[in-house]
Protein chains: 2
Amino acid sequence: MVAERAGTSVATVSLVANGKDAGHVSAQNAERVRQAIAELGYVADHAARALASGSSNLVVFVTPDASNPYFGAVIRGLRAGLGDAYQLLVSVTGEGDVPTAAALGRLAALRPAGVVVDAPSEAFLEELRLDTALVLLDAPRLPTTTAEAASGAVAADRRAVSVDFDLLGGVRALLDHLHVLGHRQLGYLGGRTATDTFLLRRLLLEREAAVRGMRVHADDRAESIIDLEAAAAAFVDSWPRWRDAGVTALVCATDTHAYGVLQSARAMGMPVPGELAVVGFDDLASSVVSDPPLTSVRLPGEALGRAGAEQLLARIEGRTVAPAPVIGADLVIRASTIGR
Amino acid sequence: MVAERAGTSVATVSLVANGKDAGHVSAQNAERVRQAIAELGYVADHAARALASGSSNLVVFVTPDASNPYFGAVIRGLRAGLGDAYQLLVSVTGEGDVPTAAALGRLAALRPAGVVVDAPSEAFLEELRLDTALVLLDAPRLPTTTAEAASGAVAADRRAVSVDFDLLGGVRALLDHLHVLGHRQLGYLGGRTATDTFLLRRLLLEREAAVRGMRVHADDRAESIIDLEAAAAAFVDSWPRWRDAGVTALVCATDTHAYGVLQSARAMGMPVPGELAVVGFDDLASSVVSDPPLTSVRLPGEALGRAGAEQLLARIEGRTVAPAPVIGADLVIRASTIGR
DNA sequence: CTGAAAGCGCTTACAG
DNA sequence: CTGAAAGCGCTTACAG
């Protein structure tokens, strides 16, 4: 430990460097140590510190996909919420993949102070055996019984906290909007990841549509990863079935999926919303300049990240904290449903 | 080390776990150790391993912004190129910010096997004092002398390798395209980060435009972070000056900037490309569904990431490797310059 | 081929 | 208030 150039012992330096000098180190020595640290640009070796103390100031964010701007917003929120005390590092899983046990083991080996996981699946959570603070984002419990499904209430028996969007509110606003416009047969283009939030979007859509005398046509072929081209292809594949079923409005798992639909629709000469109204989830920034501009359920990723960071900090520091708020999900209406 | 349940010594386990058992451990023992490891799901503690061996299997990717889908593509390429041997973790700097010395120190404390930095500035590189393998992406050297500026050649005296795009080729294709269409006065909406690639885009544009008898109007007010709204505002601010200068075509530092321009242009009732042709860099997926679809210099982020990973692996493992290829940057022509 | 031992750079009780 | 010492969980020469 080079910084003992301050003329004190290693222990004293360690104390000061970790801000634990209150009432342990004289103000004079503390000051000299701080100077020495500043002069040498000293940073405690992460490995040694983690090994000795059994923890670190690392927070790992596990996200299934980084190419969706939505995740950029979440990261921004996390960074803002975490502040300077913790260093955020992002672990990106392959597109459409769920983190594996092996990948998790390697993350655990880093001994992070906390882990944040976005849009996991139930299977992933089963497998998760982390002894660090953990917060889930957009990880709604799926209803497991028909009673639950009917009531919308879900047993809250999960190990980790989850900060969630008000998907139900968003779906209701969406369906009310489409209902007023006269749509009764809807299609759903899903996200092909083992992610529960996509599944829930579909379930909520089906349940709430039924209440309104509408019908949702969804199946396992009508889905793709979060990628414009993949979504465009999935739409081309599914459209004949939807058309035959009389579908006049299509709900997409994300805006990126919706972009793919817009592209295919244009290629097929299909007017949007004339022949098919299109809606997405996310409300990406670019949805205001798409052709046509996209109606979308806005999912404020930054607010989600910020709330997630708060929950995580409380857990890391052993504080109790108010339960995470449900992040509002408003419908933003644009020309892809109402025309110009 | 729990895995000595295999009935061998700690050292033997360590050897096997690290694949260094060739000719050191009997096949029988090696097998027993492997079994024990598998059964216990053992993963060597990263901190202890890094501390003892002085290195790790961690690769850190430093990127200035995660909300641009372009970076998602780079990450995909890096992951693919790195394979399973190294774990990729992404460190996201604030939008428009450059990593600070402190942030770098904390990264160094992680003792990564390698570091990859996207779109750094020269100042950042000066400050960089890393003793690990380092590869730069999209970090072209700026011409520092007028002779260099004139020739386009730049002294290759940099500490780290850089994998770059053929920005010059892209700029030339772009200008030829605009020239044929009759544009002579161009605007440039820049990226407000201390990132050299944005600066170089502007320099190349100015130099190549001059050769073609065109003029580029660029200044320090005409720039914004990579954010649609920010770019839209910057455009509104700059448009009067450009209009007075007779600008008929606008080149944007990224597609995201261009989206902002499209939004403002629509709000101002300005036909694109009728009154103003618009071009971006990146060719994001959503540029095919923007209104109008965007002409853009395609920057293949995935190829860049893959090439970067190759260079990094060679450096980590002490191999020599062919110099990184220059990644081609083609012009993709769409309606934002040629109309429908 | 195998095991006992030193050491990586810190933190944290514990004496002084 | 301060320093000497043990120990975090590994890896790596080094004897055997």
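Chain letters run A, B, ... following the sequence lines, proteins first and then strands; every chain starts at 1. Note: hydrogens, waters and symmetry copies are ignored here, and every other heavy atom, side chains too, is used.
Contacts of Ser56(A) classified as side-chain hydrogen bond (donor to acceptor under 3.5 Å, both in side chains), with partners at least two apart in sequence or in another chain: none. Residues passing the side-chain contact (heavy atoms from CB on, under 4.5 Å) test with Thr63(A), sequence neighbours excluded: Phe61(A), Phe71(A), Val90(A), Val92(A). Scored by the side-chain hydrogen bond (donor to acceptor under 3.5 Å, both in side chains) test, Asp138(B) finds Thr197(B), Arg201(B) as partners (sequence neighbours excluded).
Judged by distance alone, the side chain of Asp282(B) and the main-chain N or O of Tyr70(B) form no donor-acceptor pair under 3.5 Å. Within the 3.5 Å criterion, the main-chain N or O of Lys20(A) finds no donor-acceptor partner in the side chain of Asn18(A).
Using a 4.0 Å cut-off, no side-chain N or O of Asn29(B) falls inside it from OP1 or OP2 of dC1(C). The phosphate of dC1(D) (OP1 or OP2) has no side-chain N or O of Thr12(A) nearer than 4.0 angstrom. For dT2(C), one of the phosphate oxygens OP1 or OP2 lies less than 4.0 angstrom from a side-chain nitrogen or oxygen of Ser26(B). Remark: Tyr42(B) is not in phosphate contact with dG9(D), judged by side-chain N or O atoms under 4.0 Å from OP1 or OP2. Close to dT12(D), at under 4.0 Å from its OP1 or OP2, lies a side-chain N or O of Lys20(B).
Between the CD atom of Glu31(B) and the P atom of dC1(C) there is a distance of 16 Å, given to the nearest Å. Distance CG (Asp45(A)) to P (dC10(C)): 6 Å, rounded to an integer number of Å. If you measure from atom CG of Asn18(A) to atom P of dG9(C), you get 17 Å, rounded to the nearest angstrom. In this structure, Asn57(A) atom CG and dT11(C) atom P are separated by 11 Å, rounded to whole Å. Distance CG (Leu51(B)) to C1' (dG7(C)): 9 Å, rounded to an integer number of Å.
The stretch residues 31-40 of chain B participates, sequence neighbours left out, in no side chain to side chain donor-acceptor pair (under 3.5 Å) pair at all. For residues 41-57 of chain B, every residue pair satisfying the salt bridge (charged side-chain N to carboxylate O under 4.0 Å, His left out) rule, not counting sequence neighbours, is listed here: Arg111(A)-Asp45(B).
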Give me the distances for all protein-to-nucleotides 13-16 of chain D N/O pairs that come in under 3.5 Å?
none

Return all side-chain donor-acceptor pairs below 3.5 angstrom for residues 301-316 of chain B, not counting sequence neighbours, or 'none' if the list is empty.
residue: Glu302(B); atom: OE1; partner: Arg76(B); partner atom: NH1; Å: 3.1
residue: Gln311(B); atom: OE1; partner: Arg315(B); partner atom: NH2; Å: 2.5
residue: Gln311(B); atom: NE2; partner: Ala322(B); partner atom: O; Å: 3.0
residue: Arg315(B); atom: NE; partner: Gln311(B); partner atom: O; Å: 3.2

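The 5' end of DNA chain D is approached more closely, in terms of each residue's nearest nucleotide, by Ala27(A) than by the other of Ser53(A) and Ala27(A). Positionally, the nearest nucleotide of DNA chain C for Val25(B) lies more toward the 5' end than for the other of Arg49(A) and Val25(B).
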Determine which bases of DNA chain D form Watson-Crick or G-U wobble pairs with both distances under 3.5 Å, and write the result as a 5' to 3' dot-bracket string with | for other-strand partners. |||.||||||||.|||
